[in-house]
Amino acid sequence: LGFLAAALGSHMVLQRAPLAATVWGFTAPGATVTSTIAPARPEECEAVPALASGGACATRTLTCKAGADGAWRQALPPVAASTVAFSLTFASSNSSAERAELHNVLFGDVYLCGGQ
């Protein structure tokens, strides 16, 4: 099990507002995980009214605690759909080696399809 779930990666799309996307991973039980979300190009972000008015253009820092099993989950603030890319960083209080960065993350509609 990795610090950041294998399902998450750079160049992905996360669910847009009004829903909050959730990121997750594993670290030492009880460790604090700090997550930071910021637009890759703040000037582009400010030019999109839905993002600028919703506060998405500011760098936001969030924290959560890992459970007894070491699993952590962080709900991100809702972000309106757009073509503005965001960067996300994650760090654990357990170890300086437990860090991850995601680049070029977009927010939009996410569909999961299954079939036979």
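Remember, it's a predicted structure, so these values are computed and weren't measured experimentally.
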J.: Strictly distance-based, threshold 3.5 Å: is any side-chain N or O of Q74 a donor or acceptor partner for the main-chain N or O of V23?
T.: no
J.: Where is the tightest heavy-atom contact between P78 and A17, given as atom of each residue plus distance?
T.: CB-CB, 3.7 Å
J.: With side chains defined as the heavy atoms from C-beta onward, is the minimum distance between V79 and R60 less than 4.5 Å?
T.: yes
J.: To the nearest 0.5 Å, what is the distance between OG1 on T89 and CG on L4?
T.: 11.0 Å
J.: Do L76 and L88 have side chains that get closer than 4.5 Å, going by heavy atoms?
T.: yes
J.: Got a second to check how far S87's OG is from E101's CD, nearest 0.5 Å?
T.: 8.0 Å
J.: Determine, stepwise, if the pair S10 / N104 fulfils side-chain contact (heavy atoms from CB on, under 4.5 Å).
T.: CA-CA 6 Å; S10 292; N104 195 31; 5.7 Å; no
J.: Applying side chain to side chain donor-acceptor pair (under 3.5 Å) as the test, list every pair that has at least one member in residues 28-53; sequence neighbours left out.
T.: T32-K65, R41-E44
J.: Students often mix this up, so state it plainly: with edges at 30° and 60°, are the rings of F107 and F86 parallel, tilted or perpendicular?
T.: perpendicular
J.: Is there a path of hydrophobic side-chain contacts, each under 4.5 Å between heavy atoms, that joins L19 and V13?
T.: no
J.: Looking at residues at least two apart in the chain, or sitting in another chain, which of them share a side chain to side chain contact (heavy atoms under 4.5 Å, CB included) with E98?
T.: F3, T27, S92, N94, S95
J.: Please check if F26 and F90 belong to a single hydrophobic cluster, counting links between Ile, Leu, Val, Met, Phe, Trp and Tyr side chain heavy atoms closer than 4.5 Å.
T.: no
J.: If we only count heavy atoms from C-beta on, is the L62 to P77 side-chain gap below 4.5 Å?
T.: yes
J.: Is the shortest side-chain heavy-atom distance between V33 and C64 below 4.5 Å?
T.: yes
